[in-house]
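Down below is the structure, laid out as structure tokens.
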Protein chains: 2
Amino acid sequence: MPRRSVAEARDTHAAIVARAVDLASVEGLEGLTIGRLAGETQMSKAGVIGHFGNKEELQLQALRAANAVFRREVWDPNAQRKPGLPRLLAICDDWIGYLERRVFPGGCFITAASCEFDGRPGRVREAVRESVLTWRRVLEDDVSAARAAGDLPKRTDPALVAFQISAIALATNQGIQLLGDERAPATARAALRDLLGRRR
Amino acid sequence: MPRRSVAEARDTHAAIVARAVDLASVEGLEGLTIGRLAGETQMSKAGVIGHFGNKEELQLQALRAANAVFRREVWDPNAQRKPGLPRLLAICDDWIGYLERRVFPGGCFITAASCEFDGRPGRVREAVRESVLTWRRVLEDDVSAARAAGDLPKRTDPALVAFQISAIALATNQGIQLLGDERAPATARAALRDLLGRRR
DNA sequence: CCTACCGATCGGTAGG
DNA sequence: CCTACCGATCGGTAGG
């Protein structure tokens, strides 16, 4: 095989990462193996690992790619809107939609990675932690803006509401993926109305 | 080594399962390996696997043992009380306490197993699903009793409230295990008050 | 419950 | 980006 150009190598790299994300969403980031990834991308193991150096770096890049997917699905559609309750409601709706559409074959990638790495130290765990914390802060800031605008009561605790919204998303993911509960998205939307709607 | 008596074999079996539960709570039920389990119980691999036949059966028994721990920690202390809001509040409090005390070193076993197996078919997945569903029904029944007793509003949807309580537990587990948020149990209790307390 | 062993696969390296 | 290879470990079996 001839050496590839820089552009071709970049495409190959991206293709490997994309496949790694789908595989890891089902098998887990630890269950992801270089051999299987090589088989599915029609490459040699050495060809695959050469793009990353080691498995941990592959895991980190898969996680980064998954974060980008989440951002694209849930954040980007609402990024232009001004912070506050209307945007928060839209974000929540897109979040449930993202889970409902099964964007990752194995369910929410970040949730799976959270459960898998919450008991083991290392760079992957810290990266997952940052993803979750960043997203919590986004929610919290919109809750704060909503409260300041008078769309949520003065007594509203933004960190608590961000926790409650995350909680609903975790349970929705479990409802869809594990329980096969087709009503889970509707239940989630009812819970969100209960949380954000009734106090307006 | 001499053959052991039936009683001794049973003790050995129980010791292996107990060790398997702790290991799997950190490494996952798939990450659990017979070789490592053998090392930690000072046995040969053949000695370990002889008790189960294959790895799937070991996983199922570890899951059953974890279910028993959860039941002991959260259900048993309240089993004698009559269904209704006071018992439901006590169950929720024991549930948060169970997470707070880190009964399993890697966090809630059933939650971890749920994330790990929600994307792969098989007996383990079905067993996890049954655990979660059974527990949801327990919550739902107490919500129904509380509503019938007039302790929750007539419009209360028991399945929705069971979903919301599960959601809080999932987020609490993530807060404690992944985020290292020491306020997570307090936040969870606030969320439960918000859910079950304010409407009385 | 052990020793000894099986084929398969793991993450990764050397060298081109 | 490949072939060829490394030592380690996987789940599991045979036989005692």
Side-chain angles (χ1 to χ4, degrees), chain A residues 1-21 23-24 26-63 113 116-117 120-125, chain B residues 1-21 23-24 26-63 113 116-117 120-125:
Chain A
M1 275 279 186
R3 285 249 161 67
R4 310 300 176 85
S5 72
V6 171
E8 282 171 332
R10 201 165 43 203
D11 287 353
T12 304
H13 186 107
I16 297 170
V17 172
R19 196 76 204 91
V21 168
L23 269 175
V26 175
E27 317 276 358
L29 275 167
E30 209 59 51
L32 179 66
T33 73
I34 295 157
R36 178 143 180 220
L37 200 47
E40 303 212 4
T41 52
Q42 317 248 57
M43 291 175 67
S44 66
K45 287 204 301 170
V48 169
I49 203 63
H51 279 278
F52 306 95
N54 56 47
K55 184 173 173 177
E56 188 184 47
E57 187 57 35
L58 167 63
Q59 292 173 322
L60 286 166
Q61 294 197 26
L63 181 61
E116 189 176 5
F117 283 87
R120 7 179 156 192
R123 296 170 65 201
V124 179
R125 179 219 165 91
Chain B
M1 277 277 188
R3 286 251 161 64
R4 310 303 175 81
S5 71
V6 172
E8 283 171 328
R10 202 165 40 203
D11 287 351
T12 304
H13 186 107
I16 296 170
V17 171
R19 196 76 203 91
V21 168
L23 269 175
V26 175
E27 317 276 356
L29 275 166
E30 209 59 52
L32 179 66
T33 72
I34 295 156
R36 176 140 182 224
L37 199 47
E40 302 213 5
T41 53
Q42 317 248 53
M43 292 175 66
S44 65
K45 287 203 301 172
V48 168
I49 202 65
H51 280 278
F52 306 95
N54 55 48
K55 184 173 174 178
E56 187 184 48
E57 186 58 34
L58 166 64
Q59 292 173 321
L60 286 165
Q61 294 197 26
L63 181 62
E116 190 177 2
F117 283 87
R120 8 179 154 195
R123 294 171 66 205
V124 178
R125 178 219 165 90

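What you see below is based on every heavy atom in this structure, not just the backbone, and it leaves out hydrogens, waters and symmetry mates.
Here B:Thr12 reaches the OP1 or OP2 of C:dC1: one of its side-chain N or O atoms lies under 4.0 Å away. Neither OP1 nor OP2 of C:dT3 sits under 4.0 Å from any side-chain N or O of B:Ser44.
When all heavy atoms of A:Val48 and A:Thr41 are compared, the closest pair comes out as CG2-OG1, 4.1 Å. In plain terms, the two heavy atoms of B:Val124 and B:Gln59 that are nearest each other are CG2-OE1, 3.7 Å.
Considering CG of A:Leu23 and CZ of A:Arg36, their distance stands at 5.0 Å, rounded to 0.5 Å. Interatomic distance, CZ of A:Arg123 versus CD of A:Glu57, reported as 5.5 Å (0.5 Å rounding).
Between the CD1 atom of B:Ile49 and the P atom of D:dG11 there is a distance of 8 Å, given to the nearest Å. Atom NE2 of B:His51 is separated from atom P of D:dG12 by 16 Å (rounded to the nearest Å). In this structure, B:Leu37 atom CG and D:dG11 atom P are separated by 10 Å, rounded to whole Å. As a whole-Å value, the separation of B:Glu40 CD from D:dT9 P is 14 Å. In this structure, the CD atom of B:Gln42 is 13 Å from the P atom of C:dT3, given to the nearest Å. Taking atom CD of A:Glu27 as the reference point, atom P of C:dT9 lies 14 Å away to the nearest angstrom. In this structure, CD of A:Gln59 is placed 14 Å from P of C:dC10, rounded to the nearest angstrom. Separating the CZ atom of A:Phe52 from the P atom of C:dG12 is a distance of 12 Å, rounded to the nearest angstrom.
At the heavy-atom level, B:Leu32 lies under 4.0 Å from the strands shown only through sugar-phosphate atoms. Looking at heavy-atom distances under 4.0 Å, A:Gly50 makes no contact with the nucleic acid at all.
Ring geometry for B:Phe52 against B:His13 counts as tilted: the plane angle lies between 30° and 60°, on a 0 to 90° scale.
Between B:Glu30 and B:Arg120, some side-chain heavy-atom pair lies under the 4.5 Å cut-off.
Summarising the local packing, CZ of B:Arg10 is surrounded by 12 or fewer heavy atoms from other residues, nucleotides or ligands at distances under 6.0 Å.
In the set D:dG12, D:dC1, C:dG11, C:dG11 carries the atom at the smallest distance from any side-chain atom of A:Ile34. Comparing atom distances between the A:Thr33 side chain and each of D:dG12, D:dC1, C:dG11 picks out C:dG11 as nearest. Checked against D:dC1, D:dT13, C:dA14, the side chain of A:Ala46 finds its nearest nucleotide in C:dA14.
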### Task
With pairs defined as Watson-Crick or G-U wobble and both distances under 3.5 angstrom, please note down DNA chain D as a dot-bracket string, | for pairing with another strand.
||||||||||||||||
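Side-chain N/O atoms of A:Lys45 and base N/O atoms of C:dG11 include a donor-acceptor pair closer than 3.5 Å.
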